[in-house]
Number of protein chains: 4
Amino acid sequence: MSEHRRGPVRSEAARVAILDATARLFAARGYDHLTMEGIAAEAHVGKQTIYRWWPSKGALVADCLLEGRLFPEGFSPADTGDLRADLIAWLRGILAFVDREGGDTMVHSLIAAAGDHPSVGARLSEQLGANPLLRARFESAVAAGQLSPDRPLDELGDAFVGAVVLRALGRAPTDAAAAARLVNAVLGPA
Amino acid sequence: MSEHRRGPVRSEAARVAILDATARLFAARGYDHLTMEGIAAEAHVGKQTIYRWWPSKGALVADCLLEGRLFPEGFSPADTGDLRADLIAWLRGILAFVDREGGDTMVHSLIAAAGDHPSVGARLSEQLGANPLLRARFESAVAAGQLSPDRPLDELGDAFVGAVVLRALGRAPTDAAAAARLVNAVLGPA
Amino acid sequence: MSEHRRGPVRSEAARVAILDATARLFAARGYDHLTMEGIAAEAHVGKQTIYRWWPSKGALVADCLLEGRLFPEGFSPADTGDLRADLIAWLRGILAFVDREGGDTMVHSLIAAAGDHPSVGARLSEQLGANPLLRARFESAVAAGQLSPDRPLDELGDAFVGAVVLRALGRAPTDAAAAARLVNAVLGPA
Amino acid sequence: MSEHRRGPVRSEAARVAILDATARLFAARGYDHLTMEGIAAEAHVGKQTIYRWWPSKGALVADCLLEGRLFPEGFSPADTGDLRADLIAWLRGILAFVDREGGDTMVHSLIAAAGDHPSVGARLSEQLGANPLLRARFESAVAAGQLSPDRPLDELGDAFVGAVVLRALGRAPTDAAAAARLVNAVLGPA
DNA sequence: ACCTAACCGAGACGGTACGTCGCGTCTTCCC
DNA sequence: GGGAAGACGCGACGTACCGTCTCGGTTAGGT
């Protein structure tokens, strides 16, 4: 009944080698020094094998992001019961990542990749902003009466993550109090 | 007294022709279809004349932005006395610009350019976010008692503009109520 | 047994198109107006395809020479039994070629190419001087007793061809008796 | 009565500096690595000053040649009374010059320059071949009965020098007996 | 036990743009 | 008005990648 494909199936080894090579080169040299030829060489794979399964460099990076090959970590806010303190700690972690050696390159690369490939943009806020987890933290704060139930929570997360992205775009230096200022700005003073 | 330079000075005609050509091509075809060769041809100028004065495509676009060649307008919030209404109107204008024909291309191009060149990022928030004017609007709101004097105003602006940028990165479609939701999220419910 | 190469083999069509284009443009505009870009365009070929197989313009011209694409003819002395008359006729042919419309350009181009690429120089004396055939003519003359068997024949050929090349270098105009004078000078008076 | 030119006359210092720089760079890097910009810089002279007085690189080199800035020496045959021995010694000197470090570069450069500028070709045979002196040696040999008075002497010189140039073009290695073979070839066996 | 379609590596191909070099001209200031 | 400095429009250079294509070799179904 069903149409059967003959011949060998997709090589998992090749798929993994390509994604590994992509993540490795992305981390080492950034998105715009990433080349299809470089990936193919690094992965010991023919270029056609890449093009057979991914339409573009952006899609490849999006897949790496999806499989968590670019951020081993994944930032998520703690829940100590004190929303402001938790948000400040969470933002500090992200800002420290951006400020560290090569971190701004990583962020800029992701932003560049987001420009190339729509789904990278979507993944970006999830991975960097950990939006589902962030939203959960907000919901917990609402339940605890620390946050008005009328605040649209997704937009609230966007405001925090967006401010960080904007800072990263402009490469503005971040001081120690930046996280606290941003929380005060968005949530209102304590 | 001063050490004097001999030889011809920089040609203003060439400088203007290059910036004009850059702005024209940027608007027409977007940042990543913008090429140095295309600019040189459009400006009837040698490539070397571009490289003599600008190190990269990004720097060129940054200068265009600085001279207001990319946004004749410049979004600025009105001051009717009602902060929320003014912010919603201002955000709607920006979102409409992003959503309009080719508007997302323009924004993505600017974001891409920001990745290439630091000062584009800085200029971006000023031009697109009109930060000095936005800050003035916030200060007016503080004076009117509509905003707590303890909110850091620059971070507040970053949160708004950042959220818009983040939306644009993910190419999420914007509905009519998006502006209002964002204002409620950041400022708290009315 | 043998290590096997994978991947596509060299395209004969591209090779021929490049050599054809080179010969065509060389004949039309001379060696120093010959450009790699022009050849690539004329041959409908990427520049890299030329650089992949030839290191320089000179090597390309040398290959054309080797395949007889620059002189369809190839000057060779007749053997009527009269050495002096045959040499004079042969030299007249060459001098006429040099003097004719564009002929000096061709010769200067070849000399310039010889400067660029060693093997062009070697091929030059073979093609223009037809040395193997010239040497055969000398051997025939030795057998006929018209030439001392102690004359080194290669050097004899070099003397004739070299004198012509030297004339061409200096662009000295050649009169009708030039060929006869050269024969008398080298072979001694009749 | 006569039209007087006003302003300063041609600067001899500049003229000498340019020719010196040309000769220095020619010897150091060869004709085709010689650039007008390089000469101007080396001579601490504006490019316009060069173009004001010389039409091309070739003309510049021709002038250097004319003033003896390229060959301090100038090969001339001795007159010991033995023509063959004198010619062999003379040829050996030239061949040694060609074969020595960078000597072939020098000769190739001169040939290339001859292609660019007609008078370089003419000067070349005079300087390298020392034709007037060579002709004088031949005339002495005719007087001594060592050479038939019917041999055209200019063509005879051309044959010798031309054979050397041809060898140099093809970069053929020269062995010790080469000079003797050439003399035997052209003059006939002893 | 073939057959054969789809996979794989390698890499040649026609292209586009890059950033550099050198050309010959033009422009500015100084002597 | 000659000369230094050097900016200009221009054209070619040789390189880097793009995305497509063409090879032989390798694997699995299907028959």
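Proteins get letters first, then strands, A, B, ... in listed order; numbering begins at 1 in each. Being a predicted model, the structure only gives us computed values, none of them experimental.
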Mark yes or no for whether [X], through its side chain, and [Y], through its backbone, hold a donor-acceptor pair below 3.5 Å.
X	Y	value
A/Ser109	A/Tyr31	yes
B/Thr49	B/Val45	no
D/His108	D/Ala168	yes
C/Lys57	C/Leu34	yes

D/Val61 to D/Ala113 - nearest heavy-atom pair and separation: CG1-CB, 4.0 Å
Closest contact, heavy atoms only, C/Ser56 versus C/His117: OG-ND1, 4.0 Å
Separation between CD1 of C/Ile39 and CH2 of C/Trp54, rounded to the nearest 0.5 Å: 9.5 Å
Global bending angle along the helix from E/dA1-F/dT31 to E/dC31-F/dG1, which compares the axes of five pairs at either end, to 10 degrees: 10°
Integer-rounded Å distance: [N] [atom2] and [X] [atom1]:
X	N	atom1	atom2	value
A/Ile39	F/dG19	CD1	C1'	14 Å
C/Arg29	F/dA12	CZ	C1'	13 Å
D/Glu12	F/dG2	CD	P	16 Å
A/Glu42	E/dA10	CD	P	13 Å
B/Arg15	F/dC8	CZ	P	12 Å
B/Ile18	F/dG9	CD1	C1'	11 Å
A/Lys57	F/dG19	NZ	C1'	13 Å

Residues touching DNA chain F, which here means a heavy atom under 4.0 Å, drawn from residues 30-37 of chain C: C/Thr35, C/Met36, C/Glu37
DNA chain F contacts among residues 43-53 of chain D, heavy-atom distance under 4.0 Å: D/His44, D/Val45, D/Gly46, D/Lys47, D/Thr49, D/Arg52, D/Trp53
More than 12 heavy atoms of other groups within 6.0 Å of C/Arg15 CZ: yes
Over 12 non-hydrogen atoms of neighbours within 6.0 angstrom of CZ in B/Arg24: yes
Whichever of A/Gly38 and B/Gly7 has its nearest DNA chain F nucleotide further upstream toward 5': B/Gly7
Side-chain N or O of B/Arg6 closer than 4.0 Å to phosphate OP1/OP2 of F/dA5: yes
Min side-chain heavy-atom separation A/Ile111-A/Val120 under 4.5 Å: no
A/Trp53 six-ring centre to A/Arg10 NZ/CZ under 6.0 Å and within 45° of normal: yes
